[in-house]
Amino acid sequence: MMIINSIFSEFLKYSVTPLRYKQNLAEQTVMEEVSQYIPSLMAWLSKHTCVSDSSGRSPAAEKKFGLKGKIDLTVKAQLRKTKASREEVKVLPLELKTGKASFSSEHKGQVTLYSMMCSDRRPDPQEGILLYLKHGEMETVTVKPESKSGLVQLRNRLARDLSRQVTTETDENGRKTYFLGSLPPPINNERACSKCSHLQTCSIYQRSVEKPELPPNHAMSKLVPEAMGHLDGEDLAYFLHWILCLDVEGKESGRRQLSSIWCTSGQQREKEGDCLSNMVITASELGIPESQSFNDGKGCSLTFSRHPSYAGAALNTVGLTTGDMVVLSSEDGHLIALATGFVRNISATLVEIVVDRDYLHKTSEYKDVKFRLDRNDSFSTAGYLYTSLSKLMDPTPQGSWLRNLIIKRQAPEFELKVSKSCLYKVKSIFKPLNKPQRTAILKVLMAKDYVLIKGFPGTGKTSTIVALVKILQLLGLSVLLTSYTHSAVDNILLKLKKEGVHFLRLGRQGRIHPSILPHCAEILTSSPSINSVQALRKFYDSYSIVATSCLGVSNHPVFQQRSFDVCVVDEASQVLQPACLGPLFHCRKFVLVGDPKQLPPVVQSKEARSLGMDESLFVKLDNRGATYDLNLQYRMNRVIMELSNRLVYEGQLLCGDPSVAEQCLQIDTSLLSDQPKWQKAALSPKIQNSVVFIDTQKIAATEIQDGKGLKNKMEADIVLILLKQLMKAKVGGETVGVISPYRSQVQLLQQMVHACLPLAGVEVNTVDQYQGRDKSVIIVSFVRTETDNVGELLKDLRRLNVALTRARCKLILIGNTVALKVYDNLAPLLSWLQETQNVSFYVFVSLLGKFDQCKNSGGKLRLSD
DNA sequence: ACTCTGCTGAGAGGA
């Protein structure tokens with residue numbers, strides 16, 4: 001059965017309903033196409049096989065030659081070379097082809113590679129079988145040593161060329177300039193190249209980077225100008241700029257490769273937090289729903305524990321967490337990349353992963369095998385980003401519309417007014433909105449191209465999007481709702497759900513909020529009533545609102561078939577420009593929502609940042625007459641708001657409501673007896689004391705390098721004293737947040753809070769994680785005390801802005817003013833706080849001389865006045 | 001000089 005199943009799964013690639021939908025195939029065509037292969041297949045089976053269930057296991061990757069691929073089928077074959085020679089039995093790779101028998105060198109080469117892969121786990125078969133199912137032709141491909149070395153050499157050459165994509169030149173001042181590297185000269189084959197899907201990109205690259213010297217009459221001399229005739233110099237410059245950014249980021253951030261699995265031991269990789277070593281399988285289970293997005297089978301999960309002989313760290317402290325992608329291999333290096341999957345559950349002693357291969361369910365074969373689970377980061381979104389850039393260059397109306405708006409920065413157009421009947425329809429949704437929110441929505445209705453909605457902190461971005469989506473739906477317009485993160489998408493959807501709006505959510509189930517799962521496409525389409533292309537199309541078309549992540553747009557079949565009236569991108573100022581393009585290919589106008597004064601897209605390498613890679617599409621399109629500010633905020637009281645108005649918003653931020661402006665910390669100070677003065681000041685409920693800075697410059701609160709991170713124990717102690725006081729004075733723990741720019745400090749604080757105030761509900765997190773959220777009370781621990789070796793992190797005004805705009809009533813800042821003055825952004829803030837301390841809200845608390853007292857009390861911190 | 005979310009992929013064929 002295994003053999004037959006494997007063979008039929010080959011056909012399944014064509015018969016899976018979503019795929020047919022994606023390729024817009026009629027049901028019958030597919031069935032006819034599939035059924036024509038069945039007779040020759042059955043004939044072949046009866047002639048050559050006695051059906052027995054061999055394991056059917058085929059390697060996914062190979063160690064000796066560094067190959068990776070999936071073999072259709074391995075068969076145990078009895079071979080009789082000549083009449084004289086004895087029968088030989090060996091396991092061979094079998095490659096199925098549904099087309100006409102060509103026995104082309106490509107096909108033979110593929111079998112050669114598979115045979116090489118087999119040789120890593122079994123005796124080298126040195127041959128393989130090609131089976132063409134159209135007429136049932138079969139041929140044994142004999143693998144010659146020279147074709148092996150030929151293929152490996154070819155691969156190595158290509159790998160070398162691709163690894164030199166970026167070249168650098170360093171000038172006398174040590175400044176680096178990056179250049180795109182060139183590839184080997186193009187082949188001269190008009191027939192192949194004219195139909196190649198990469199012709200356009202290849203042409204741009206040849207024209208702008210490689211500039212090969214071609215002989216006269218070379219196919220490319222004609223094809224290149226044809227392929228890029230619709231592009232001008234500006235288009236090319238944009239394209240090349242972003243390709244360079246992506247290349248530099250890839251090079252400098254040092255992407256981890258799969259090869260590290262066979263170059264580094266499991267225990268070594270575990271130290272780096274990227275691997276669980278010495279694992280054994282303890283259980284397996286079939287029928288795992290989460291596997292659906294990548295598995296045609298029933299979905300298999302495997303549970304591992306440590307091998308009894310190995311006393312490693314608790315599994316959930318190593319660094320792998322739920323949802324991480326992993327590769328499964330054996331410790332001895334015999335089974336490389338046996339399967340890939342993701343972590344479903346992880347505890348101190350057990351880890352459960354969902355794998356892409358159902359046959360691993362039969363775990364008896366592996367009972368003596370020690371496994372390792374490596375984080376699978378080798379895959380990156382880069383491929384998708386390159387594709388989006390190339391799509392932007394396409395000679396399509398959509399491509400040229402987007403190029404005009406984005407690259408040429410053509411002014412977006414608007415209708416002059418919104419019709420009366422339209423206004424009447426949306427009246428009730430408009431009612432609870434404030435003026436800037438209404439203006440922004442009206443502009444979206446009038447826009448022909450795009451609108452940017454700049455949502456300052458606490459100004460009701462989500463409510464505005466919710467209202468906008470409802471209005472668009474009411475007007476009969478379809479909406480593609482996206483954001484960079486799944487959590488931001490679900491944030492909006494949770495509100496829409498509450499209002500009874502009908503929508504469809506696409507994306508991996510593991511990433512989707514539990515209460516949104518019932519709206520998830522995979523779950524809804526699994527209903528037995530959706531069993532044909534028509535039913536599936538009807539299902540997808542019945543939703544006017546479709547929501548997913550920006551990158552989730554890339555591969556879903558819906559987007560090959562559908563276009564939307566309006567696309568909304570939330571968090572748009574945090575989305576990499578090429579990633580933001582994805583959803584825009586599928587809409588007639590778009591709305592970007594964000595705030596460029598808050599955090600920019602994550603770019604790992606400083607080099608790529610210096611090229612401008614962190615410029616979001618939001619920033620690129622800002623100031624083109626289509627930006628509308630939401631400036632009425634409902635979060636911070638006037639004192640806290642004033643701080644970020646000084647720092648970044650230049651007075652534009654206004655309180656949306658007088659009660660917001662005057663809100664103060666609700667604290668029962670009568671419960672706090674003989675408090676030192678600095679604590680009294682820090683926790684004062686008076687509005688003029690809403691922002692407090694606790695300066696640690698006079699006490700020994702020094703930053704500590706902790707592996708890759710930074711932490712500051714003394715600052716953490718001060719945070720904890722304040723938290724305890726707050727809890728004592730009946731301030732709800734869930735209304736209090738602690739923020740630090742540094743992960744290590746966050747971890748330290750989390751441990752301490754967990755130990756001392758386990759049930760209080762105080763949330764400790766990084767600045768980055770707190771974006772988009774707020775708490776009544778926020779305590780910020782700045783950590784840094786050194787004045788040299790200043791870090792990148794605090795240099796970013798946007799990160800500081802986020803830290804300062806999370807608090808509603810009380811913002812307590814803890815840091816060393818001498819060290820923090822080194823930062824250009826912080827210096828004016830600090831001096832302003834110091835200057836105005838008498839007139840407004842800066843409370844300067846000196847802890848001079850208190851450190852000795854701490855030491856005397858046996859290491860226990862006891863800060864008194 | 002430390003901040004972090006995305007994405008399964010490999011191969012299906014047609015001259």
Side-chain angles (χ1 to χ4, degrees), chain A residues 9-16 19 23 33 60-61 68-72 95-100 102 104 106-107 110 132 134 189 191-192 194-195 253 291-295 323-327 337 339-342 354-356 376-385 387 482-489 507-508 510-511 548-555 571 574-576 579 582 599-606 609 614 703 705-711 740-746 765-771 783-784 786 788-796 798-799 802-803:
Chain A
S9 78
E10 201 63 18
F11 294 124
L12 272 173
K13 287 172 187 161
Y14 300 94
S15 60
V16 177
L19 190 65
Q23 295 171 347
E33 208 167 317
K68 200 172 158 228
K70 284 186 182 172
I71 301 174
D72 283 346
E95 172 66 14
L96 294 167
K97 295 286 173 200
T98 49
K100 277 189 254 168
S102 65
S104 65
E106 285 93 338
H107 290 172
Q110 193 178 357
Y132 291 91
K134 199 150 205 162
N189 185 337
R191 226 183 47 180
S194 65
K195 285 179 185 156
S253 69
S291 70
Q292 278 181 10
S293 53
F294 63 79
N295 199 330
D324 282 356
M325 297 295 179
V326 288
V327 188
T340 60
F342 59 87
V354 176
V355 292
D356 58 346
N376 188 12
D377 270 351
S378 65
F379 179 78
S380 77
T381 50
Y384 170 56
L385 303 179
T387 309
T482 65
S483 174
Y484 191 55
T485 58
H486 287 288
S487 62
V489 173
R508 268 228 339 260
R511 295 266 166 232
T548 187
S549 67
C550 284
L551 298 164
V553 169
S554 64
N555 254 334
E571 293 186 323
Q574 291 182 76
V575 186
L576 281 176
L599 289 166
V602 176
V603 175
Q604 291 175 29
S605 71
K606 212 158 69 176
R609 263 200 304 277
D614 58 357
E703 65 176 64
Q705 191 89 31
D706 172 31
K708 298 174 186 172
L710 288 171
K711 61 185 179 188
S740 177
Y742 300 93
R743 189 90 253 170
S744 296
Q745 180 73 348
V746 166
N765 228 324
T766 55
V767 178
D768 300 55
Q769 295 284 345
Y770 254 104
Q771 169 138 340
V783 175
R784 302 279 344 215
E786 298 291 326
D788 45 356
N789 290 329
V790 291
E792 286 281 302
L793 213 53
L794 282 173
K795 275 188 191 161
D796 200 324
R798 296 167 291 195
R799 183 166 282 109
V802 171

**Q** Return whichever of H107(A) or H486(A) has its heavy-atom-nearest nucleotide of DNA chain B closer to the 5' end.
**A** H486(A)
**Q** Could you tell me how far apart R191(A) (CZ) and dA15(B) (P) are, to the nearest whole angstrom?
**A**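 My rounded result for the distance is 10 Å.
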**Q** Round to a whole Å and report the spacing from OH of Y384(A) to C1' of dT5(B).
**A** 14 Å
**Q** Should V326(A) and V355(A) count as side-chain neighbours, where that means a heavy-atom distance under 4.5 Å?
**A**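 Contact flag for V326(A)/V355(A) side chains = no.
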**Q** For V603(A), does its backbone N or O pair with a side-chain atom of R609(A) as donor and acceptor, under 3.5 Å?
**A**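 Yes, R609(A) side chain to V603(A) backbone: donor-acceptor pair under 3.5 Å.
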**Q** What integer distance in Å separates Q110(A):CD from dG13(B):P?
**A** 9 Å
**Q** Reckon Q705(A) touches a base, only the sugar-phosphate, or nothing at all at heavy-atom distances under 4.0 Å?
**A**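 If one applies the 4.0 Å heavy-atom cut-off, Q705(A) turns out to touch nothing in the nucleic acid.
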**Q** Taking the side chain as everything from C-beta on, heavy atoms only, tell me whether T548(A) gets closer than 4.5 Å to V489(A).
**A** no
**Q** Check this for me: does the side-chain of R743(A) come within 3.5 Å of the base of dT3(B) through a donor and an acceptor?
**A**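 Not at all, since no donor on one side and acceptor on the other fall under 3.5 Å apart.
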**Q** At under 4.0 Å between heavy atoms, what does R784(A) touch on the DNA or RNA strands: base, sugar-phosphate, or nothing?
**A**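 Sugar-phosphate contact only.
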**Q** With the side chain of Y484(A) defined as its heavy atoms from C-beta on, choose the nearest nucleotide among dG13(B), dT5(B), dC4(B).
**A**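 Closest nucleotide to the Y484(A) side chain: dT5(B).
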**Q** Please check the phosphate of dA12(B) (OP1 and OP2 only) for any side-chain N or O of K97(A) closer than 4.0 Å.
**A**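 Indeed, a polar side-chain atom of K97(A) lies that close.
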**Q** Where the side chain of T485(A) is concerned, which of dC2(B), dG13(B), dT5(B) is the nearest nucleotide?
**A**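 Side chain of T485(A) sits closest to dT5(B).
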**Q** So what does L710(A) touch, heavy atoms closer than 4.0 Å: a base, only the sugar-phosphate, or nothing?
**A**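 Answer is sugar-phosphate: L710(A) comes under 4.0 Å of backbone atoms only.
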**Q** Whether K606(A) contacts dC2(B) is assessed here as follows: a side-chain N or O lying under 4.0 Å from the phosphate OP1 or OP2. Is that the case?
**A**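 Answer no for this pair, as no side-chain N or O of K606(A) is under 4.0 Å from OP1 or OP2.
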**Q** Describe the nucleic acid contact of Q574(A) in one word from base, sugar-phosphate, nothing, applying a heavy-atom distance below 4.0 Å.
**A** nothing
**Q** Return the value, rounded to whole Å, for the distance between atom CD1 of I71(A) and atom P of dA10(B).
**A** 14 Å
**Q** Provide, to the nearest angstrom, the distance between the CD atom belonging to E792(A) and the P atom belonging to dT3(B).
**A**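 After rounding, the gap between these two atoms is 12 Å.
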**Q** If you only use heavy atoms from C-beta on, which nucleotide in dC2(B), dG13(B), dC4(B) is closest to the side chain of T98(A)?
**A**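 Of the candidates, dG13(B) comes closest.
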**Q** Could you state the atom-to-atom distance from CG of L576(A) to P of dC4(B) in whole Å?
**A**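 Computing the L576(A):CG to dC4(B):P distance gives 15 Å.
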**Q** Please state whether the phosphate of dC7(B), meaning OP1 or OP2, lies under 4.0 angstrom from any side-chain nitrogen or oxygen of S549(A).
**A** yes
**Q** Taking side chain as C-beta onward, heavy atoms only, is K134(A) less than 4.5 Å from T98(A)?
**A** no
**Q** My understanding is that only one of E95(A), H107(A), K97(A), K100(A) makes a side chain to side chain donor-acceptor pair (under 3.5 Å) with Y132(A); could you say which?
**A**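 Considering E95(A), H107(A), K97(A), K100(A), a side chain to side chain donor-acceptor pair (under 3.5 Å) with Y132(A) is found only for H107(A).
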**Q** So which nucleotide from dT3(B), dG6(B), dA1(B) ends up closest to the side chain of L551(A)?
**A**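 For L551(A), the side-chain atoms sit closest to dG6(B).
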**Q** Just how far, in rounded Å, is C1' of dC4(B) from CD of Q771(A)?
**A**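 Nearest whole value for this atom pair: 12 Å.
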**Q** So, OP1 or OP2 of dT3(B): does either fall under 4.0 Å of a side-chain N or O from T766(A)?
**A** no
**Q** Under 4.0 Å, counting only non-hydrogen atoms across every strand here, what does K134(A) touch: a base, just sugar-phosphate, or nothing?
**A** nothing
**Q** Between the side chain of R799(A) and the main-chain N/O of L793(A), is any donor-acceptor distance below 3.5 Å?
**A**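 Looks like yes, one N/O pair under 3.5 Å.
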**Q** Can you tell me how far C1' of dA15(B) sits from CD of E106(A), to the nearest Å?
**A** 11 Å
